[in-house]
Amino acid sequence: MNTIAASSFFEPQVIADPFDYYRAWLPKSPVVQLSEGMFLVLSYEHCAQATGDVETFSNNFQGTLSGAMAEDGDVAAILAEGWPQVDTLLTADPPTHTRFRKLVNLAFSMKRVAAIEEDMRGVVAGLIDRMAERGEADFVRDFGIPLPVAMIASQIGMTGDDLDKVKRWSDAFVDRLGRMIPKERELECAREVVEFQHFVKAKIDERRAARTDDLLSDLVHAEFDGERPLEDAEILSIMQQLMVAGNETTTSALAGGLLQLIENPDQMAKAVVAADAGNERAIINLVEEVLRTESPTAGMWRMVLKDAELGGVKIPKGAMVQLRYAAANRDPAKYPDPDRFDIERANARSHLAFGKGIHMCVGNMLSRKEMAVAYSELLKRLTDFRVADGHVPSWPPNMLLRGLTTLPITFRRRA
């Protein structure tokens, strides 16, 4: 294990299954230099430190996020048919970020999440009923994808006939984000981005004309003292980020968490007891441990604005740093026996799966609620979960996000 080269991090098989890499390099150094001008932060302490130092470790990495550094004229020509990418939440620093966070927080209120929960329970029940009729399912396809897709789609005014578009658009943004796709897929993704923008722009116009009870309308009409309202390109950027964060990552966490429960029968038994008893606190801790061990946003970039030192490693101005949340969340200095899945872990909620500080994922409340409702209802209504015979779970390589694309399972209805 200790012979793993630092530069091997970029190899697809390592990106898909990085845990040997983390175990090999974290004891050597909390920060690993991958190449000239590129560093990987592995430790919990130093990932948390960097997230709090936005003056040194900047989120303004739009070029990397959008793929602009690698796009040729064909891709750029397609994207020109839509709206430009603008720095809003994920790729902005204060004071620009502060304005957007204020306005988005108004839309993503506890009241809004509570209103969404009412519909959420109905969606969860319907998905479980459809799976239970067959006694088998691909959990990703039949539950993990449609639940968060339905939730985010309802918030941008999409009907049932449009739900497949949300997943298709989200996949396009994720593939561009991961930067590990062939040219043909780059072109296809660019077309998907433009299609998404024109669809949502029409919905924005509708809500400017007549307010509706959904998240998109809240964003369109968000007002905060002294702050100008959001413009079209800004709303499109925010909805793009919310769609990916509220869709792709929740799907990955749901599926990865169920696999963890299947592979750890003692933890599954504890989770069933908690669900049957309506022990909300225990279910919430289950969700946090899933987020810690799965870390669907495995890492995120930062641009270094001035010469810095992190964990004893000198990092020059202009370098790119990736904060590897998935490694930090399994740092033995923070989590004893870090690779063990323990739904009663006392400090599970301290994880960095949603980031930390001013850039902590604004949709974390909604994602947590979806997971809690999903696991509670699944465990109360179904039992004897197993991975289908012959299936070996695998993860496709993606530089920033990590999740199962399929999880065939069998199960039984509970009496």
Side-chain angles (χ1 to χ4, degrees), residues 16-17 19 120-151 163-164 166-167 170-171 174 246-276 282-283 285-296 298 339-343 353 367-396 398 401-415:
D17 187 8
F19 300 106
M120 186 187 303
R121 293 191 178 274
V123 173
V124 167
L127 293 173
I128 293 174
D129 286 342
R130 285 191 283 278
M131 290 197 305
E133 290 175 2
R134 302 191 302 273
E136 62 180 14
D138 180 336
F139 185 76
V140 174
R141 179 195 65 206
D142 299 328
F143 192 96
I145 290 173
L147 172 58
V149 163
M151 293 301 95
L163 294 188
D164 66 308
V166 173
K167 177 59 178 169
S170 182
D171 286 346
V174 167
N247 170 16
E248 189 76 24
T249 55
T250 303
T251 294
S252 298
L254 283 167
L258 181 61
L259 180 60
Q260 291 266 31
L261 287 169
I262 292 172
E263 292 179 339
N264 295 274
D266 61 324
Q267 301 301 306
M268 173 72 86
K270 292 178 180 180
V272 171
V273 170
D276 285 349
I283 293 297
N285 212 67
L286 159 65
V287 168
E288 301 304 333
E289 181 69 347
V290 168
L291 289 165
R292 181 190 75 84
T293 54
E294 290 302 305
S295 302
D339 295 323
R340 180 169 63 91
F341 181 67
D342 178 8
I343 70 170
S367 181
R368 284 175 157 127
K369 180 64 70 175
E370 288 178 24
M371 292 175 66
V373 170
Y375 289 134
S376 180
E377 294 302 317
L378 283 162
L379 297 176
K380 284 191 291 188
R381 299 178 59 178
L382 304 175
T383 189
D384 198 22
F385 291 93
R386 300 175 187 271
V387 177
D389 290 345
H391 178 73
V392 178
S394 63
W395 291 257
N398 185 295
L401 304 180
R402 185 174 188 271
L404 294 162
T405 55
T406 183
L407 182 61
I409 57 171
T410 61
F411 48 83
R412 294 184 296 108
R413 284 184 187 265
R414 292 187 63 180

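All of these numbers come straight from a predicted model, not from anything done at the bench.
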Taking all atoms of both residues into account, what is the closest heavy-atom pair of G403 and S252, and its distance? CA-OG, 3.3 Å

Kindly indicate whether the side chain of I343, heavy atoms from C-beta on, has any atom under 4.5 Å from the side chain of E288. no

Write down the atom of T383, the atom of R413, and the distance for their closest heavy-atom approach. CG2-O, 4.2 Å

Could you walk me through whether V140 and T405 satisfy the side chain to side chain contact (heavy atoms under 4.5 Å, CB included) test, starting with their C-alpha distance in whole Å, then the side-chain angles of each, then the deciding distance to 0.1 Å, before giving a yes or no? CA-CA 7 Å; V140 174; T405 55; 5.7 Å; no

Min side-chain heavy-atom separation L261-L286 under 4.5 Å: yes

For residues 385-393, please give each side-chain donor-acceptor pair under 3.5 Å, one per line with the distance, not counting sequence neighbours.
from : atom 1 : to   : atom 2 : distance (Å)
R386 : NE     : D384 : OD1    : 3.1
R386 : NH2    : D384 : OD1    : 3.1

4.5 Å side-chain heavy-atom contact, L379 and M268: yes

Within residues 135-145 or reaching into it, pairs that qualify as salt bridge (charged side-chain N to carboxylate O under 4.0 Å, His left out) - sequence neighbours excluded: R134-D142

Suppose we screen for side-chain hydrogen bond (donor to acceptor under 3.5 Å, both in side chains). Which residues come up paired with R292, at least two apart in sequence or across chains? E289

Tell me the ring pair (Phe, Tyr, Trp, His ring centres under 6.0 Å) pairs involving residues 130-149, sequence neighbours left out? F139-F143

What one should report as the nearest heavy-atom pair of L258 and I409 is CD2-CD1, 3.9 Å

Which residues pass the side-chain hydrogen bond (donor to acceptor under 3.5 Å, both in side chains) test with T251, not counting sequence neighbours? none

Trace of the side chain to side chain contact (heavy atoms under 4.5 Å, CB included) decision for M131 with L382: CA-CA 10 Å; M131 290 197 305; L382 304 175; 4.2 Å; yes

So the salt bridge (charged side-chain N to carboxylate O under 4.0 Å, His left out) pairs with at least one residue in residues 250-260 (sequence neighbours excluded) are none

Tell me, do L291 and R368 make a side-chain contact under 4.5 Å, heavy atoms counted? yes

For a quick test of your reading: what N or O donor-acceptor pairs under 3.5 Å do the side chains of residues 370-377 make, sequence neighbours left out?
from : atom 1 : to   : atom 2 : distance (Å)
Y375 : OH     : A253 : O      : 3.1
Y375 : OH     : L254 : O      : 3.0
E377 : OE2    : K380 : NZ     : 3.3

Can you confirm whether L404 sits close enough to W395 that some side-chain heavy atom of one is under 4.5 Å from a side-chain heavy atom of the other? yes

side-chain hydrogen bond (donor to acceptor under 3.5 Å, both in side chains) involving S367 - partner list, sequence neighbours excluded: T250

Please check this pair: side chain of N398 against backbone of L401, looking for a donor-acceptor N/O pair closer than 3.5 Å. yes

Side chains of V290 and F341 in contact at under 4.5 Å (non-hydrogen atoms): yes

Among residues at least two apart in sequence or on other chains, which ones pass side-chain hydrogen bond (donor to acceptor under 3.5 Å, both in side chains) with T293? Q260

Is there any salt bridge (charged side-chain N to carboxylate O under 4.0 Å, His left out) pair reaching into residues 249-260, and which pairs are they, with sequence neighbours excluded? none

Residue pairs fulfilling salt bridge (charged side-chain N to carboxylate O under 4.0 Å, His left out) with at least one residue in residues 251-276, sequence neighbours excluded: K270-E344, D276-R414

Keeping to residues at least two apart or across chains, list the ring pair (Phe, Tyr, Trp, His ring centres under 6.0 Å) pairs with something in residues 256-275. none

